[in-house]
Enquirer: 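The structure's right below; bear with me while I get my questions together.
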Amino acid sequence: MVGKSVLILDQNTASRNFLANTFLEKQFKVTVVASGKEALIIAWRDEPDLILFDPVLSDIKVEEFIQKLRIHSRTIQTPLVALSSDPSPTCKETCLNAGVYEYLVKSAQAIPALEETLIRLFGTEKPPEVVSRDGEKSGLLIVFLSAKGGTGTSSLCANLAMNIKLAQPEARIVVADLVLPIGSIAPIVGYEGELNLATVADLPSGQTNVEYFHENLPELELWQFQLLPGSPDPQHGNILKGDRISEIVENLRSAYDFIILDIGRSLSRIGLPLIQKADLITLIVSPDQSTIKLTKTVLDYLQTQGINDQNIYVILNRAVGLEGLTKVQAEEILGLTIKTAIPYMGSNFALANNLHQPITTKYPTDTASIILKETAENMVRLARLQRVQ
Ligand SMILES: Nc1ncnc2c1ncn2[C@@H]1O[C@H](COP(=O)(O)OP(=O)(O)O)[C@@H](O)[C@H]1O
Ligand SMILES: [Mg+2]
């Protein structure tokens, strides 16, 4: 969103600075003010493309503030977005009635929601089939990783991939299981055939092209994506070569709109280059102290490897039970916002896995299914947004 301008009005200094940074990173021209009256003057002087404001104002009534902007010829068309520290429905109603375009309440979800609003307003979302890089088709790369096993990485990778397909029915989606030395997505989705990462890696590189993948990778009916199953056993896994895997992933990027990789705990020489290339890095954490601390170590390492926090999508998965840290406690240790929390599903989750069924088809009305759907939609938007920048 290069070249757009935003006027940010917030009485709270920390909020103001945070929002200013958020917009600067998106290459907006940013002006910040701390009072309603000041905002009016600047808005009429500069005519920004967007006015983002916290409706909690002490120098002017919020209705009056909005109305003044709405009737003045210089701001009559300017989208007004409220990012409010007042969660009450009354404030929301007042603002929407007075003519704000969108009313968001400050929370961990506010920034992804704001990003969606920006896409709606300034329309940088690209249709899935034309995602390209250097003129060549290059699908969005989404990696799944965790600092520890058993956090639900593989199950969520498969389930979120399925939900991405639901959100993007036109898109071609592939899931590749790169967990070494042995993969686990095939048993989750119920694939029992012969083809896997090791057999594909054995083929001459010229043969594993777009047509090869489209024609040969298994498509599981309930899951609606094509799968490159992982290494079937440690013996095969241990001899797989890193450069062959990178090559396979590059070819998958020419063949699919979304390439979803399970790389498990692998920060190895194979995993790291894939993480560095990813449009979105999905980091699965469970809410226990040891996983969170280990995850913090992984995050610190990723930072030294040039990975931007903006590309990291943290999911808190209550894979082991109801106890553990709260989301806020986990966020404090990680120093990152947790974008989604998946509830503990008891034995239902394992049951769906054992029956090789997606959570979404097995338990369509469960909260987890609703969260998976929203998460997949958010991930798609964010991956695109990262690509566009
Ligand atoms: N939200 C959840 N509620 C209940 N069980 C879960 C949940 N998430 C994962 N599990 C269970 O945790 C186990 C480990 O999942 P898996 O996807 O193999 O993790 P990982 O790939 O991180 O090792 C599986 O038996 C799965 O059914
Ligand atoms: Mg796994």
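Atom set for the values below is all heavy atoms of this structure, side chains included, hydrogens, waters and symmetry mates excluded. Ligands are counted one by one from 1 in listed order, and the atoms in each one are counted from 1 as well. Numbers here simply count residues along the sequence, with the first being 1.
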Enquirer: Give a yes or no on whether Glu247 atom CD has more than 12 heavy-atom contacts from other residues, nucleotides or ligands under 6.0 Å away.
Expert: yes
Enquirer: Using a 4.0 Å heavy-atom cut-off, say whether Pro343 meets ligand 1 through its side chain, its backbone, both or neither.
Expert: backbone
Enquirer: Taking atom types as modelled, is there a side-chain donor on Ser286 or Asn317 under 3.5 Å from an acceptor on the other?
Expert: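 No, no side-chain donor-acceptor pair sits under 3.5 Å.
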Enquirer: Please tell me whether Asp288 and Thr291 have a donor and an acceptor in their side chains that are separated by less than 3.5 angstrom.
Expert: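 Yes, Thr291 and Asp288 have a side-chain donor paired with an acceptor closer than 3.5 Å.
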Enquirer: Would you mind checking which non-hydrogen protein atom is closest to atom 24 (C) of ligand 1, with the distance to 0.1 Å?
Expert: Asn353 ND2, 4.1 Å
Enquirer: Can Lys106 and Ser15 be counted as having a side-chain donor-acceptor contact under 3.5 angstrom?
Expert: yes
Enquirer: What is the closest protein heavy atom to atom 25 (O) of ligand 1, and at what distance does it sit?
Expert: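 Checked against all protein heavy atoms, atom 25 (O) of ligand 1 sits closest to Ala350 CB, 4.4 Å.
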Enquirer: Got an N/O contact under 3.5 Å between Gly152 and ligand 1?
Expert: yes
Enquirer: Would you say Ser155 has an N, O or S atom lying under 2.8 Å from the Mg ion (ligand 2)?
Expert: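 Not a single backbone or side-chain N, O or S atom of Ser155 is under 2.8 Å from the Mg ion (ligand 2).
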Enquirer: Counting both backbone and side chain atoms, is some N or O of Ser154 under 3.5 Å from an N or O of ligand 1?
Expert: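 Yes; the residue has a nitrogen or oxygen that sits under 3.5 Å from a nitrogen or oxygen of the ligand.
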Enquirer: What distance do Leu382 atom CG and Leu280 atom CG have between them, rounded to the nearest 0.5 Å?
Expert: 6.0 Å
Enquirer: In this structure, is the centre-to-centre distance between the rings of Phe225 and Tyr256 below 6.0 Å?
Expert: no
Enquirer: Pick one of side chain, backbone, both or neither for how Asn317 approaches ligand 1, counting any non-hydrogen atom pair under 4.0 Å.
Expert: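 Asn317 to ligand 1: side-chain contact only, backbone stays beyond 4.0 Å.
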Enquirer: Would you say CZ of Arg16 has more than 12 non-hydrogen atoms from neighbouring residues, nucleotides or ligands within 6.0 angstrom?
Expert: yes
Enquirer: Taking N or O atoms only and a 3.5 Å limit, does Thr153 qualify as a polar contact for ligand 1?
Expert: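 Between Thr153 and ligand 1, an N or O pair is found under 3.5 Å apart.
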Enquirer: Please report whether ligand 1 has a polar contact with Ile342, defined as an N or O pair separated by less than 3.5 Å (distance criterion only).
Expert: no
Enquirer: Is there a donor in the side chain of Ser146 and an acceptor in the side chain of Thr153, or the other way round, less than 3.5 Å apart?
Expert: yes
Enquirer: With a 4.0 Å cut-off on heavy atoms, is Cys157 in contact with ligand 1?
Expert: no
Enquirer: Near Thr151, which atoms of ligand 1 are under 4.0 Å from a heavy atom of that residue?
Expert: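 This gives 19 (O), 20 (P), 22 (O) as the contact atoms.
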Enquirer: Which of the numbered atoms in ligand 1 are under 4.0 angstrom from any heavy atom belonging to Met345?
Expert: 2 (C), 3 (N), 4 (C)
Enquirer: Around atom NZ of Lys327, are there more than 12 heavy atoms from other residues, nucleotides or ligands closer than 6.0 Å?
Expert: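 Above 12, so yes.
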Enquirer: Identify, for atom 7 (C) of ligand 1, the protein heavy atom at the shortest distance, and state residue, atom and that distance.
Expert: Phe349 CD1, 3.3 Å
Enquirer: Ser146 versus ligand 1: do any nitrogen or oxygen atoms come within less than 3.5 Å of each other?
Expert: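 N/O-N/O distance under 3.5 Å: no.
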Enquirer: Can an N or O of Gly150 be found at a distance shorter than 3.5 Å from an N or O of ligand 1?
Expert: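 For ligand 1, there is an N or O atom that lies under 3.5 Å from one belonging to Gly150.
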Enquirer: Any carboxylate oxygen within less than 4.0 angstrom of a Lys/Arg side-chain nitrogen, looking at Arg253 and Asp279?
Expert: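 The answer is yes: the pair qualifies as a salt bridge.
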Enquirer: Among protein heavy atoms, which lies nearest atom 17 (O) of ligand 1, and at what distance?
Expert: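 In this structure, atom 17 (O) of ligand 1 has Ser155 OG, 2.4 Å as its nearest protein heavy atom.
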Enquirer: Could any protein non-hydrogen atom be found less than 4.0 Å from atom 13 (C) of ligand 1?
Expert: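 Within 4.0 Å of atom 13 (C) of ligand 1, no protein heavy atoms are found.
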Enquirer: If you count the atoms of ligand 1 from 1 in the order shown, which ones are under 4.0 Å from a heavy atom of Gly149?
Expert: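 In order of numbering, the contacting atoms are 23 (O).
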Enquirer: Quick one: do the Thr94 and Glu63 side chains pair a donor with an acceptor below 3.5 Å?
Expert: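 Short answer, no.
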